[in-house]
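Chain identifiers are assigned alphabetically (A, B, ...) following the order of the sequence lines, protein sequences preceding nucleic acid strands; residue numbering begins at 1 within each chain.
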Number of protein chains: 2
Amino acid sequence: MPPDAEPPRHGPLEERRFVARPLSVQDAIRRDIIAGVLTPGARVTEASLAQRYDVSRVPVREALRGLASEGFIDSRPHVGSRVAAIPVHDADDLFAVREALEVATARGAARRAAALYSGDESPADWWRLRREIAALLDAGDAHVADGDLDPLVAINDQIHIAIAELSGSATLTRLLRQLSWKIEWLYAADVQSRGKRLWPEHRVLVGAIDAGDGERAAALMAAHVRESRIGYLLRHDVTTPSADPAVAAEVARRRSADG
Amino acid sequence: MPPDAEPPRHGPLEERRFVARPLSVQDAIRRDIIAGVLTPGARVTEASLAQRYDVSRVPVREALRGLASEGFIDSRPHVGSRVAAIPVHDADDLFAVREALEVATARGAARRAAALYSGDESPADWWRLRREIAALLDAGDAHVADGDLDPLVAINDQIHIAIAELSGSATLTRLLRQLSWKIEWLYAADVQSRGKRLWPEHRVLVGAIDAGDGERAAALMAAHVRESRIGYLLRHDVTTPSADPAVAAEVARRRSADG
DNA sequence: GGAGGAACGATTGCATACGATCGGCGTCCG
DNA sequence: CGGACGCCGATCGTATGCAATCGTTCCTCC
């Protein structure tokens, strides 16, 4: 089924509802913060941002409030707002929570796939998400083949978010999205991630979801996120490797092995 | 030291910065949603809320945007907003993620306590939070002694949030706060929680944090949250008890034991 | 009688304007 | 010479007004 068959049918309604919102001011500011255009500690007044993004103070104000509740902005009433500090010392904990989040979403997605095949449920947007994941997998493969690894981190995040949406839990999806932004911020701040080795795991994971094997999907996701966590800790030498003893041991082992 | 000695000194600056913001519109609406005053599915227009809380449309608008990003409001552009559905089918996953979150914050709080005693760090508001926890523990004890268990769930949440702040991770604290609101919503929606049995565990947990024993604090918190999760699942008979096999087995065991 | 289209009401999105509050700095008094 | 008081610029918080968009309803035509 071609992916462009259904969208023009319902038109802009379903379109705006779910996928392609026209990049709100909040998204634009967040993107600039993550990309490093707005550096931590920088003063951002409503007026300056309004001029920067060519809108009035009102949307900027709403965006700032949202970004403050997401932790990208530190705001003090009647004083001003600043770009928050990158949570580098939280990195390991962020990965630990991400593991729990993603294990739950992977298991939920597989469970929902099983329910779908047995006819218990008929989720409307399941197939749309499934096709989106397929497209993302193909796009990632193409980038890997071309040796262009930079877009991989963004595609990786989109796949994981799509799997979360596949699980049907809006709450978990929302939390994971916030966490992904933070981890992306961590990656972008220091060093470009090289996710080539972890990339092939995605297809195996999606296969387990399609098969409806919840436990296998959960185990694969746990290993996948844990590898990502170990990789981050290996690239950033921190004093305390990890709070999780198993992760810390693995980091120490590889560090001594690789020299 | 009486707790009302310092606030009038620096006045409203430090006051507003951290603790007692004058209950914003967003907090008021969220409170009403959790309390069931605004029921899921109810239409909420900016104008009606503005009249209800006696403010203009602009603060209502900001509050709605924030609540939408928190998942309490479903908003569609140019159409309107509705109170979101209570995430009952996510309950078990929410507890699983909460366990990971709270284990990380408990471990972090204990680690920070150890660093404090060894003189490595000197956190300014550590003692303030520690006193706040002590006051909350005493208040909870008083309620338990009086047999007034209703405020216990709120006090419980405040203790857990304070422990998260003690860990020093703003990101984890923010995620936990959002999760706590959702779980509180779950509890308030169906049945009043009876947390008397779990209450004494708090002092043991805080003791482990004070001792700087990170692993013990983490283990205690994991058991504490898991008990809470099992209790919820026991009170709400769901078809699939839990995604975690150990939790599911324990729920089944107690259910057959209690009849 | 049914289907397509246009106009209307309702609601949000944004811009502008004004009032309230805070931090900084000069000045005055002890 | 040091500290406290008061003024002032800066910034936020809120209110009001207008334009854009969506869902609906009614009208017309087939």
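Across the protein-nucleic acid pair, E62(A) atom CD and dA15(C) atom P stand 11 Å apart, rounded to whole Å. Between Q51(B) atom CD and dA15(D) atom P the separation is 13 Å, expressed in whole Å. Distance R61(A) CZ to dG13(C) P: 16 Å, rounded to the nearest Å. For L49(A) and dT11(D), the CG to P distance is 12 Å, given to the nearest whole Å. As rounded to whole Å, 7 Å separates atom P of dC12(D) from atom CZ of R43(A). For the pair I73(A) CD1 and dC12(D) C1', the computed distance is 15 Å after rounding to whole Å.
Taking for each of R57(A) and S81(B) the nucleotide of DNA chain C with the nearest heavy atom, the 5'-most of the two is the partner of S81(B).
Here the OG atom belonging to S167(B) is positioned 12.0 Å from the CZ atom belonging to R107(B), to the nearest 0.5 angstrom. One distance of note links CZ of R112(B) with CG of L129(B); it measures 8.0 Å at 0.5 Å rounding.
For H78(B), whose side chain is taken as the heavy atoms from C-beta onward, the closest listed nucleotide among dG13(C), dG23(C), dG13(D) is dG13(C). Listed nucleotides dT12(C), dC14(C), dT14(D) differ in distance to E46(B); the shortest reach to its side chain belongs to dT12(C).
No more than 12 heavy atoms of other residues, nucleotides or ligands lie within 6.0 Å of CG in D54(B), so this atom counts as exposed by the packing criterion.
Taking the six-membered ring where the residue is Trp, Y187(B) and F95(B) present perpendicular rings, their angle passing 60° and hence far from 30°.
At dA15(D), one or more side-chain N or O atoms of S56(B) fall inside 4.0 Å of OP1 or OP2 (strictly under the cut-off).
Checked by distance alone, R76(B) brings no side-chain donor or acceptor within 3.5 Å of a matching partner on the base of dG23(D).
Residue contacts shown for T45(B) are limited to sugar-phosphate atoms, with no base heavy atom under 4.0 Å away.
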